[in-house]
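Quantities reported herein were computed from a predicted structural model and do not represent experimental measurements. Numbering of ligands and ligand atoms starts at 1, following listing order. Keep in mind that the numbers below use all heavy atoms, side chains included, and drop hydrogens, waters and symmetry copies.
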Amino acid sequence: MAILITGGTGYIGSHTSVEFLNAGYEVIIVDNLSNSKVEVLDKIKQITGKEVKFYEADLLDRVAVEQIFSENQIEAVIHFAGLKAVGESVTIPLRYYHNNITGTLILCEVMSKYNCKKMVFSSSATVYGMHNAVPFVENMPLSATNPYGSTKLMIENILNDLYVSDNEWSISLLRYFNPIGAHISGLIGEAPNGIPNNLLPYVAGVATGKLEKLKVYGDDYDTVDGTGVRDYIHVEDLAAGHLCAYSYVMQHTGVEAVNLGTGKGYSVLQVVKAFEKASGKTVRYEISPRRAGDIASCYASTEKAERLFGWQATRDLDKMCEDSWRFTSKVNS
Ligand code: NAD
Ligand code: WQD
């Protein structure tokens with residue numbers, strides 16, 4: 001039996017593929033390479049010494065998805081494939097809705113047909129919206145503030161409805177906070193195309209000299225130093241969380257939303273300081289106006305992940321920055 005990892009050549013998917021291979025599972029990756037490179041497969045092999053079966057296919061292509069299930073015995077799906085840029089989702093919402101939602105619908109229909117009813121889904125802390133108080137707890141009211149967030153919220157609802165219609169399903173909705181860092185080998189990490197939107201890749205770009213200076217979006221929030229606070233989580237901790245979620249869905253039926261975060265928040269300026277320490281470089285910055293749609297603070301309640309999965313993040317911000325810098329330095333050398 002194999003585990004199918006959709007979006008497995010992407011940032012989080014590649015680290016999770018390594019985690020599953022190292023734990024002895026047979027892994028199959030499907031990815032359309034719209035936001036990742038095929039070379040990632042060689043890196044995964046270098047790290048694990050193991051082969052991964054790869055399908056270059058789009059989840060929107062039902063025939064291709066059916067072929068994967070007809071050619072393999074798949075016991076569970078770890079579903080990462082999706083478009084994820086918040087700003088872009090505002091510009092091209094239809095593409096986001098179609099790709100993320102239709103892709104998931106086709107995947108679920110094919111899974112049902114092949115009687116594979118175990119799924120771990122990549123949701124996001126963005127579903128907590130703008131009006132909840134931290135720490136975010138799984139049973140808080142949910143809302144979306146942009147098309148990307150709406151796709152996550154809608155998919156959560158679809159998967160809940162799917163379980164109501166068929167109680168054999170077992171689904172874990174993992175709400176990630178802010179994943180950063182890279183594999184300790186420096187071989188895989190986050191390599192966004194073009195100018196990065198997210199804080200860490202931007203900071204790394206300034207440290208390498210590729211970008212001139214960071215714009216710090218607001219210093220008048222009600223936080224430790226006025227800059228935005230987020231729950232940064234090492235991507236390797238996140239990958240380990242998927243293995244725990246997989247074990248859980250294999251032993252239970254039902255739908256559970258679970259936060260994957262550290263429970264600790266760091267401000268933008270604290271991240272800049274930690275990155276300077278890890279890299280030995282100066283990260284130039286200037287204070288800019290707030291970014292539309294941002295909230296002051298966002299961090300997780302980790303109680304449910306600990307209780308259900310026995311999982312806890314173990315790597316601290318310094319380690320996240322060190323690993324991120326190792327990967328960035330390698331890519332730029
Ligand atoms: P990523 O872009 O690196 O990986 C996603 C992968 O999915 C890419 O390799 C892309 O080529 C592939 N893909 C996209 N649409 C596809 C389709 N229709 N068919 C086949 N493959 C397709 O992103 P990531 O950071 O690894 O995120 C993985 C998942 O986690 C996404 O669903 C994202 O929304 C979610 N998530 C990410 C973050 C984050 O900050 N990185 C936070 C919360 C949730
Ligand atoms: C972090 C902090 C910014 C860039 C996003 C998505 C969320 C999830 C994770 C997918 C904030 C500040 C940033 C910069 C800055 N993704 N910042 N200058 O917005 O918390 O979450 O990624 O699900 O849905 O919205 O992450 O890295 O963009 O920002 O000052 O150039 O850094 O204001 O306080 P965010 P981020």
May I ask you to identify the nearest protein heavy atom to atom 10 (C) of ligand 2, giving residue, atom name and distance to one decimal place in Å?
Tyr148 OH, 3.0 Å
Where's the contact between Glu190 and ligand 1, heavy-atom distance under 4.0 Å: side chain, backbone, both or neither?
neither
Would you please classify the geometry between the Phe177 ring and the Phe136 ring as parallel, tilted or perpendicular, with 30° and 60° separating the classes?
tilted
Among protein heavy atoms, which lies nearest atom 36 (P) of ligand 2, and at what distance?
Asn198 ND2, 3.5 Å
For atom 25 (O) of ligand 2, find the nearest protein heavy atom and state the residue, atom name and distance (0.1 Å precision).
Val86 CG2, 3.5 Å
Would you please classify the geometry between the His242 ring and the Phe80 ring as parallel, tilted or perpendicular, with 30° and 60° separating the classes?
tilted
Within the structure, does Tyr217 bring an N/O atom to less than 3.5 angstrom of an N/O atom in ligand 2?
yes
Considering only protein heavy atoms, which is closest to atom 20 (O) of ligand 2, and at what distance to one decimal place?
Arg230 NE, 2.6 Å
Salt bridge check, Arg175 against Glu156: does any charged N sit closer than 4.0 Å to a carboxylate O?
yes
Going by an N to O cut-off under 4.0 Å, is there a salt bridge joining Lys304 and Glu138?
no
Heavy-atom nearest neighbour in the protein, as seen from atom 7 (C) of ligand 2, with distance rounded to 0.1 Å:
Ser124 OG, 4.2 Å
Report yes if some N/O of Tyr176 lies less than 3.5 Å from some N/O of ligand 1; otherwise report no.
no
Compute the shortest N/O to N/O distance between Lys84 and ligand 2 and return yes if it is under 3.5 Å, no if not.
no
Please answer whether the main-chain N or O of Leu187 pairs with a side-chain N or O of Lys43 as donor and acceptor at a distance below 3.5 Å.
no
In this structure, OG1 of Thr151 is separated from CD1 of Ile158 (nearest 0.5 Å) by 9.5 Å
Thinking salt bridges, do Arg307 and Glu303 make one under a 4.0 Å N-O criterion?
yes
Using 0.5 Å steps for rounding, measure from the CZ atom of Arg326 to the OG atom of Ser279.
12.5 Å
Considering only NZ, NE, NH1 and NH2 on the basic side and carboxylate oxygens on the acidic side, decide whether Glu212 and Arg284 come within less than 4.0 Å.
yes
So which protein heavy atom does atom 28 (O) of ligand 2 come closest to, and at what separation?
Arg291 NH2, 2.9 Å
Just go through Ser124, Gly149, Pro179 and tell me whose heavy atom is the nearest to atom 40 (O) of ligand 1.
Pro179
Does any N/O atom on Phe80 come nearer than 3.5 Å to any N/O atom on ligand 1?
yes
Between Phe177 and ligand 2, does any nitrogen or oxygen pair lie at a separation below 3.5 Å?
no
Counting only heavy atoms, which portion of Asn35 has something under 4.0 Å from ligand 1: side chain, backbone, both, or neither?
both
Ser123 N/O under 3.5 Å from ligand 1 N/O
no
